Amino acid sequence: MKFSTNFFSGRTLHHFPFFLLLILADPASGLGCMGPISASSGDYGLFCAIDASGKQAVICWDANNSSTSSGSSSLHYSTVLPPMAALSGGEGFLCGILSNNSQALCWDSIEFSKSSDLVPPMFKSNAYSHIAAGKDHVCAIRGSYYSDSNYGNVDCWDIIKVSNNSLSSAQSSRFYDQNTNQLVFRKLVSGDGFTCGIVNDGGIACWGPKARDLGISGLSDNFLALASGIVSVCGISQISGEIKCWGDSDSYDNPPVGIKFVSLSAGAEHFCGIREDNHGIECWGNFNSSSIPKGSGFLAIASSDFLTCGIREGDLVLDCWFANLTSPADYDPPLQLCSPGLCTAGTCSDGMFAFNASLLNEPDLTSLCFRKDLRICSHCGLNCSDGFFVSSLCTSDADRVCTPCSLCQNSSCGDICKLESLQETRKVKRNWSQLRQLFLIIGSAASGFLLILLAWCLLPRAPVDNNEENEKKRCCLFSCFHGPRTNHRPGPIIDPHLPEPVASCPGIAQIFRLSELKDATNGFKEFNELGRGSYGFVYKAVLADGRPVAVKRANAATIIHTNSRDFETELEILCNVRHSNIVNLLGYCAEMGERLLVYEYMPHGSLHDHLHGGLSTLNWTLRLKIAMQAAKGLEYLHKEVVPPIVHREVKSSKILLDTDWGARISDFGLLTPSEGDVKADMRTDVYGFGVVLLEILSGRKAYDEDCVPPDIVEWALPQIKNGKAAALIDRYADLPRNVEPLLKLADMAELALRDEPNERASMSDLTVMLEQLVKDGLIS
């Protein structure tokens, strides 16, 4: 079942009663932790999560291990495993609490079957409110999971490897501690040879053969949450919200300081946590920070030894990132939405909200829990990620709403969004105001000087013949403005600022004055700059009649290497290019050695800006429309223009978006190639467009040094050819109910990216396919 949603939310998180927080908030998971998502540790890491179907069903997936019979990277065990209230992962096995009777169920993550229950017979009928699987043991708190009194005593059992590498269970003597058995616990975490629990009366108690190695004995502080690695434990202080860790420091090297958290997870040598403010991710220990998702908040996370997966707050889509290993090309979580937290019977406290299933826009779904009286309580966020501001505070059934800074309209969001461009504009306006005053003073002085000079020229200074006097007056008057002449008869006045003679566009393009474009761009100032390239700079300008335009100004190198004839040829070509999916030329200027081209202004920036530059995320309907219109623009250049134009640099930054979000092709080449090269170069355009299709599909840059492999084609094509195109779909856009059109988009990209140019589809072929895809309207 697929869902689509787009919401964010938040308000200040107040300190509230400790026992309520422990009952209601348990979104963390990892080795020994319990949550809505968990993973087994060891060489084979299996992830399982409670899905968002409202039935609390369980789905599991791995990294396409060779032992899987399906050969797929996504394993769906929901038909095998019963519905569960919570999950916890150990080394090579996972455990859960059954949603209908609160009993424990544990299973082998490799040799999974219905009969592989790893709970000893003496504990099978017990009800449990909390469970924590460690390296080779499990501990659980006795009590009904959905009761208000969510605390109790502890049972522990061992997970034993038998001769054929399968697992069995037995009651544990290693984890029996008379003093501990008299304590009442609310939460547990388990590692290698130890279990630690948050005691109902406050403090932490640890037991087991390796518990002393942690150095936690006698700790009386209260903690909101714990996470356990193999040889260490980290917790979130109830007082400060910050991280404290114990055990082997190599596994939690450099924990963050000054950052408040709401949940944790742990791998073999790393920890990850969800921040209190924006629900973003911070990781520490032996971890590759570049792989952490940016600009997305999470409600729950879980870690295996080398991988962490989370459930995103905006759409409940799964997202994963690696610790110190690079992502294998065949790894991807399933395209299925998961529960953002654990279903509980209690009410949500201050600083938390009950997740509202109606926000998923699924008519048949009224709750994410199998009973109507249950709810999922999640932490409110305080702030939004960079580039967004809080436009609506957290309510009882929704988190804060984060809105792109591009929509900021007043001072309430100005400071948050750091509207430097607006401040710079105001500064520039102030500077121009001061300059105008200075010019007024200088102009007044100059006018006075001219009046004096005129008077001096016109005043008679000696009696002379009238005719000679008149002639001298005429000569003097002329020389005051235009300098001395060798002839007493004034010739035609020549303005050095008039445009140089250049062949004009046939009745279409306007000839602009250089002074006019200087005024429109504030003197070609940097703050008016829209972009730059090998040709020169592009500026935003506002003409005297109020029209916004884009002015392309050639740099010195371009002018030197482009003679007047080349420029005339370019103008002749550009003036004949007119199409709704092309950025059309409006005019030009060729004064004082300048080469200036004036184009239509595209207010919504480039496709690259929206996919990679922090502007608003494009929905799938709009992405397909943009792909189709860009294809039409390139097809027009290839087929309709005479002679045909080859772009030579097709990429997402060259696809601009107009007022109506229509796609326009920009910056096509200055001159057409020779006739013999046209067809080959067109195939190069097709290849570039194929890369754009991959960017649209995945949201990933064409080349990203933070990714392995960094080249998008090397990353994507093998997955498309192996039938795993679903792994490419951008998880930062709302997941559509029907992903089939996106899989077809991947197939089109493959047709455009074939190694042999003659085997690539033409732009006409791609245009027809994209038109049909948009016409079918299957994206929703």
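None of these values were measured; they are calculated from a predicted model.
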Is there side-chain contact between [X] and [Y], with at least one heavy-atom pair below 4.5 Å?
{"X": "Thr344", "Y": "Leu374", "result": "no"}
{"X": "Cys384", "Y": "Asn278", "result": "no"}
{"X": "Leu742", "Y": "Trp620", "result": "yes"}
{"X": "Met628", "Y": "Leu773", "result": "no"}
{"X": "Val691", "Y": "Ile712", "result": "yes"}
{"X": "Leu264", "Y": "Cys272", "result": "no"}
{"X": "Cys369", "Y": "Gln56", "result": "yes"}
{"X": "Arg186", "Y": "His130", "result": "no"}

Parallel under 30°, tilted from 30 to 60°, perpendicular over 60°: which one fits the rings of Trp284 and Phe271?
parallel

Can you classify the ring geometry of Phe355 versus Phe353 as parallel (below 30°), tilted (30 to 60°) or perpendicular (above 60°)?
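Rings of Phe355 and Phe353: tilted, 30 to 60°.
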
Drop me the distance from [X]'s [atom1] to [Y]'s [atom2], to the nearest 0.5 angstrom.
{"X": "Ser653", "Y": "Leu611", "atom1": "OG", "atom2": "CG", "answer": "11.0 Å"}
{"X": "Leu743", "Y": "Ile720", "atom1": "CG", "atom2": "CD1", "answer": "10.0 Å"}
{"X": "Leu342", "Y": "Leu368", "atom1": "CG", "atom2": "CG", "answer": "12.0 Å"}

Let me see the working for Cys377 and Met352 under side-chain contact (heavy atoms from CB on, under 4.5 Å), right down to the final yes or no.
CA-CA 6 Å; Cys377 295; Met352 307 190 79; 4.2 Å; yes

Residues 700-713 vs side chain to side chain donor-acceptor pair (under 3.5 Å), sequence neighbours excluded, gives none

[X] side chain vs [Y] backbone, donor-acceptor pair below 3.5 Å:
{"X": "Ser38", "Y": "Gly89", "result": "yes"}
{"X": "Ser88", "Y": "Cys33", "result": "yes"}
{"X": "Gln629", "Y": "Ala663", "result": "yes"}
{"X": "Asp609", "Y": "Ser606", "result": "yes"}
{"X": "Arg275", "Y": "Ile259", "result": "no"}
{"X": "Lys187", "Y": "Leu224", "result": "yes"}
{"X": "Asp51", "Y": "Cys338", "result": "no"}
{"X": "Ser698", "Y": "Ile729", "result": "no"}
{"X": "His270", "Y": "Ser303", "result": "no"}
{"X": "Arg623", "Y": "Ile696", "result": "yes"}

My understanding is that only one of Leu337, Ile301, Ile50, Leu316 makes a side chain to side chain contact (heavy atoms under 4.5 Å, CB included) with Ile311; could you say which?
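The option that passes is Leu316.
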
Assess whether a salt bridge exists between Arg664 and Glu600, defined as any Lys/Arg side-chain N lying under 4.0 Å from an Asp/Glu carboxylate O.
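Salt bridge present between Arg664 and Glu600.
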
Dump the intermediate steps for side-chain contact (heavy atoms from CB on, under 4.5 Å) on Tyr252 and Ile243, then the final yes or no.
CA-CA 10 Å; Tyr252 62 81; Ile243 299 296; over 6 Å; no

Assess the residue pair Leu657 and Asp660 against the criterion (side-chain contact (heavy atoms from CB on, under 4.5 Å)); give the C-alpha distance rounded to whole Å, side-chain angles, the decisive distance to 0.1 Å, and a yes or no.
CA-CA 8 Å; Leu657 304 175; Asp660 299 321; over 6 Å; no

Aromatic contact between Phe298 and Trp321, with the criterion being ring centroids under 6.0 Å apart: yes or no?
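Between Phe298 and Trp321, the centre distance is under 6.0 Å.
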
side-chain contact (heavy atoms from CB on, under 4.5 Å) assessment of Val390 paired with Val401:
CA-CA 6 Å; Val390 178; Val401 176; over 6 Å; no

Pairing donors with acceptors under 3.5 angstrom, does anything connect the side chains of His612 and Glu695?
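Checked: His612/Glu695 side chains pair up, N/O donor to acceptor below 3.5 Å.
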
For the pair Tyr601 and Asp658, evaluate side chain to side chain donor-acceptor pair (under 3.5 Å) and give the outcome as yes or no after the intermediate values.
CA-CA 7 Å; Tyr601 176 64; Asp658 62 22; over 6 Å; no

Could Arg371 and Tyr146 be counted as a cation-pi pair, given that NZ or CZ must be under 6.0 Å from the ring centre and within 45° of the axis?
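So Arg371 does make the cation-pi contact.
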
